[in-house]
Amino acid sequence: MASPPKHFLQFKDFSRDQLEHLFARTALVKARFKAYQPYHPLADRTLAMIFEKSSTRTRLSFEAGMHQLGGTAIYLNTRDTQLGRGEPVEDAAEVISRMVDLVMIRTYEQEIIERFAAHSRVPVINGLTNEYHPCQILADIFTWIEQRGSIQGKTVAWIGDSNNMCNTWLQAAEILDFNVHVSTPPGYEVEPERAGLIGTGHFESFADPMEACRGADLVTTDVWTSMGFEAENEARAKAFADWQVDGDMMRVADQEALFMHCLPAHRGEEVAAAVIDGPQSVVWDEAENRLHTQKALMEYLLLGKVET
Ligand code: CP
Ligand code: NVA
């Protein structure tokens with residue numbers, strides 16, 4: 001029996017050493033891409049991308065990335081596959097993983113992707129679940145490293161919902177040794193167990209978003225209502241009204257602070273236009289880096305630590 005494949009289902013599936021390898025590889029893969037140097041280590045490999053929720057960046061970055069590495073990507077969604085008609089996820093995993101080399105899934109509960117992975121012969125990547133968005137945090141931390149160097153010891157202010165992005169920042173802080181100051185409205189607080197935290201003291205909670213931002217090196221936020229929670233839209237719009245990242249919050253952060261948002265963004269809701277379109281915002285680099293970090297991720301999951 002072959003050994004089980006490596007998966008990337010949540011950020012803490014990778015050690016600090018593995019993440020550092022990925023960030024170093026990303027820099028190299030990105031430089032090659034920018035210099036128009038063909039690099040096809042995944043020739044003849046196939047990626048299946050399964051989407052149960054909408055996507056622009058995740059779909060495009062995985063599809064373009066696999067093509068650029070010499071492989072092929074196939075898009076599947078629940079509307080026109082048997083997955084949407086009640087085929088058990090375990091059966092789908094058995095079949096799909098006999099036909100492709102790698103699978104990326106965007107779905108609802110984390111439990112769904114865990115069940116798929118348990119029955120998959122090939123590596124499975126989390127392209128967003130209700131609980132986590134590990135590929136986005138790979139890109140965000142790589143963007144930080146490009147702009148400012150190591151993230152160790154730095155302070156990230158998370159303003160808004162304790163959602164999949166927030167949970168993943170918190171996991172990353174425990175592995176890479178930085179701090180996250182979280183401010184959420186009452187009733188929307190972080191649930192450490194759901195976030196998958198071990199409790200290393202890298203997370204502090206603040207009632208006042210201004211206090212969470214004070215002195216922070218990076219200020220970040222996300223939509224007030226994530227995909228799958230649309231029924232709560234109205235209640236959330238009321239509850240989150242004071243949790244908009246605006247110029248005042250950026251002014252109390254470190255002078256050199258960066259602003260990040262995974263996108264898509266709602267100007268005038270979770271972020272003021274002046275911030276996301278302002279000089280401290282690196283959101284377009286962040287989005288572009290989805291492509292480069294995921295190319296390094298796919299290379300690593302299929303070929304291990306490539307050094308060339
Ligand atoms: N940030 C992100 O995952 O974007 P998409 O929903 O467009 O994939
Ligand atoms: N938290 C958001 C992220 C979208 C990329 C959501 O889950 O909808």
Side-chain angles (χ1 to χ4, degrees), residues 8-11 47-66 73 75-78 103-113 125-144 156 158-172 180 182-185 188-191 194-196 220-233 235-237 239-240 243-245 259-267 269-271 276 281-295 297-298:
F8 189 51
L9 304 182
Q10 45 183 309
F11 205 83
L47 164 73
M49 307 182 296
I50 303 171
F51 284 91
E52 294 208 69
K53 293 175 176 171
S54 304
S55 169
T56 298
R57 281 144 286 268
T58 304
R59 176 176 178 182
L60 186 59
S61 52
F62 271 107
E63 194 161 339
M66 194 58 178
Y75 172 79
L76 302 167
N77 65 41
T78 32
V103 178
M104 183 243 90
I105 306 180
R106 167 168 287 196
T107 187
Y108 292 89
E109 289 79 26
Q110 180 71 11
E111 186 234 335
I112 299 172
I113 199 170
I125 298 171
N126 182 345
L128 182 144
T129 57
N130 290 349
E131 289 85 351
Y132 307 117
H133 197 2
C135 291
Q136 182 69 52
I137 301 299
L138 277 184
D140 293 4
I141 294 176
F142 180 74
T143 305
W144 173 271
V156 174
W158 175 269
I159 307 302
D161 191 19
S162 62
N163 61 12
N164 41 16
M165 283 293 298
C166 175
N167 289 342
T168 311
W169 270 114
L170 290 168
Q171 280 196 4
V180 185
V182 178
S183 181
T184 67
Y188 296 92
E189 291 88 356
V190 170
E191 295 170 47
R194 182 171 158 89
T220 183
T221 186
D222 187 12
V223 291
W224 291 341
T225 305
S226 286
M227 290 181 280
F229 297 85
E230 289 79 3
E232 300 173 18
N233 236 331
R236 284 172 169 267
F240 284 78
W243 273 262
Q244 178 185 107
V245 176
F259 172 77
M260 291 193 190
H261 190 309
C262 65
L263 307 176
H266 299 82
R267 289 168 177 78
E269 292 185 22
E270 75 274 7
V271 61
I276 193 167
S281 173
V282 290
V283 296
W284 312 129
D285 289 330
E286 220 188 319
E288 179 190 326
N289 283 332
R290 293 291 303 277
L291 173 71
H292 310 301
T293 46
Q294 289 161 195
K295 284 166 76 176
L297 173 67
M298 291 192 285

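Start at 1 and go down the list; that is how both ligands and their atoms are numbered. Starting from 1, each residue takes its place in the sequence as its number.
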Shortest protein contact, [atom] (heavy atom only):
atom                   : result
atom 1 (N) of ligand 2 : Asp222 OD2, 2.6 Å
atom 7 (O) of ligand 2 : Asn164 ND2, 2.8 Å
atom 8 (O) of ligand 2 : Met227 N, 2.8 Å

Show the nearest heavy-atom pair for residues [X] and [Y], with the distance to one decimal.
X      : Y      : result
Cys262 : Arg57  : O-CD, 3.8 Å
Arg194 : Asn167 : O-ND2, 4.3 Å
Pro185 : Gly160 : CD-O, 3.7 Å
Ser162 : Glu189 : OG-O, 3.1 Å
Val190 : Leu170 : CG1-CD1, 3.7 Å

Donor on one side chain, acceptor on other, [X] and [Y], under 3.5 Å:
X      : Y      : result
Asn233 : Thr225 : yes
Thr221 : Glu270 : no
Trp243 : Thr184 : no

How about Tyr132 and Phe11: are their ring centroids closer than 6.0 Å? no

When only distance counts, is His133 in polar contact with ligand 2, meaning an N/O pair under 3.5 Å? no

Polar contacts were defined as any N/O atom of the residue lying under 3.5 Å from an N/O atom of the ligand; does this apply to Arg106 and ligand 2? no

Any idea which atoms of ligand 2 are less than 4.0 Å away from a heavy-atom of Leu128? 3 (C), 4 (C), 5 (C), 7 (O)

Proximal atoms of ligand 2 relative to Leu263 (non-hydrogen, under 4.0 Å): 5 (C)

For atom 6 (C) of ligand 2, tell me which residue out of Gly228, Gly160, Ala265, Ser226 has the closest non-hydrogen atom. Ser226

Given Asn126, which of Gln10, Arg106, Gln110, Glu131 fulfils the side-chain hydrogen bond (donor to acceptor under 3.5 Å, both in side chains) condition? Gln110

Using a 4.0 Å heavy-atom cut-off, which part of Thr58 comes near ligand 2: side chain, backbone, both, or neither? neither

Below 4.0 Å, non-hydrogen atoms only: which portion of Asn130 touches ligand 2? Side chain, backbone, both or neither. neither

Contacts of Val283 that satisfy side-chain contact (heavy atoms from CB on, under 4.5 Å) - sequence neighbours left out: Phe259, His261, Leu263, Ile276, Ser281, Glu286

Ligand 1: protein N/O within less than 3.5 Å of ligand N/O:
from     : atom 1 : to     : atom 2 : distance (Å)
ligand 1 : 1 (N)  : Gln136 : OE1    : 3.0
ligand 1 : 1 (N)  : Cys262 : O      : 2.9
ligand 1 : 1 (N)  : Leu263 : O      : 2.9
ligand 1 : 3 (O)  : Thr58  : OG1    : 3.1
ligand 1 : 3 (O)  : Arg106 : NH2    : 3.0
ligand 1 : 3 (O)  : His133 : NE2    : 2.9
ligand 1 : 3 (O)  : Arg290 : NH1    : 3.1
ligand 1 : 4 (O)  : Arg57  : NE     : 2.8
ligand 1 : 6 (O)  : Arg106 : NH1    : 2.8
ligand 1 : 7 (O)  : Thr56  : N      : 2.7
ligand 1 : 7 (O)  : Arg57  : N      : 2.8
ligand 1 : 7 (O)  : Arg57  : NE     : 3.1
ligand 1 : 7 (O)  : Arg57  : NH2    : 3.1
ligand 1 : 8 (O)  : Ser55  : OG     : 2.7
ligand 1 : 8 (O)  : Arg57  : N      : 3.4
ligand 1 : 8 (O)  : Thr58  : N      : 2.8
ligand 1 : 8 (O)  : Thr58  : OG1    : 2.7
ligand 1 : 8 (O)  : Arg106 : NH1    : 3.4
ligand 1 : 8 (O)  : Arg106 : NH2    : 3.3

